[in-house]
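Shown next, in structure tokens, is the structure this report addresses.
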Amino acid sequence: MERFVAECNINRFEKMLRTTADPAEQRLLEELLAEERAKLSRADASGVSEPASLSRAG
């Protein structure tokens, strides 16, 4: 579940980063992206797989 949430947040923050021109907001989004990417990396490294019902298709 943690992997799914991190992926969703990464997608959301990347989209927001593409649409904002505010430097302060860009910095914040870059920090949030780094945190979520680290969470995703930890989830991948843990080797814990999600139940098939929670994994995303495609």
Side-chain angles (χ1 to χ4, degrees):
M1 184 64 124
E2 183 176 339
R3 186 180 205 297
F4 176 77
V5 172
E7 287 176 341
C8 288
N9 286 337
I10 288 169
N11 290 333
R12 182 171 149 237
F13 296 150
E14 286 175 339
K15 182 178 179 183
M16 293 170 70
L17 190 56
R18 287 191 299 270
T19 61
T20 186
D22 180 35
E25 189 172 355
Q26 288 173 342
R27 282 191 303 276
L28 175 61
L29 288 167
E30 288 169 353
E31 290 175 14
L32 292 170
L33 271 169
E35 290 175 15
E36 292 302 317
R37 287 177 176 145
K39 287 179 188 177
L40 184 58
S41 180
R42 285 192 301 270
D44 286 344
S46 73
V48 176
S49 61
E50 296 178 359
S53 63
L54 294 179
S55 63
R56 295 190 321 181

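As a basis for the values below, the full set of heavy atoms in this structure was taken, side chains included, without hydrogen atoms, waters or symmetry mates.
- The distance from atom CG of L29 to atom CZ of R12, rounded to the nearest 0.5 Å, is 9.0 Å.
- Residues R3 and A43 approach most closely at CB-CB, 4.1 Å, considering heavy atoms.
- Salt bridge absent: E30 and R27 never bring a charged side-chain N and a carboxylate O closer than 4.0 Å.
- Rounded to the nearest 0.5 Å, atoms NZ (K39) and CD (E7) are 13.5 Å apart.
- Residues L32 and E35 form a side-chain contact, since some pair of their non-hydrogen atoms from C-beta on lies under 4.5 Å apart.
- The CZ atom of F4 lies 10.0 Å from the CG atom of N9; values are rounded to the nearest 0.5 Å.
- Note that the CG atom of L17 and the CG atom of L33 stand 6.5 Å from one another [nearest 0.5 Å].
- For the atom pair CZ (F13) and CG (L28), the distance works out to 8.0 Å, reported to the nearest 0.5 Å.
- The CD atom of E36 sits 11.0 Å away from atom CD of E14, with the distance rounded to the nearest 0.5 Å.
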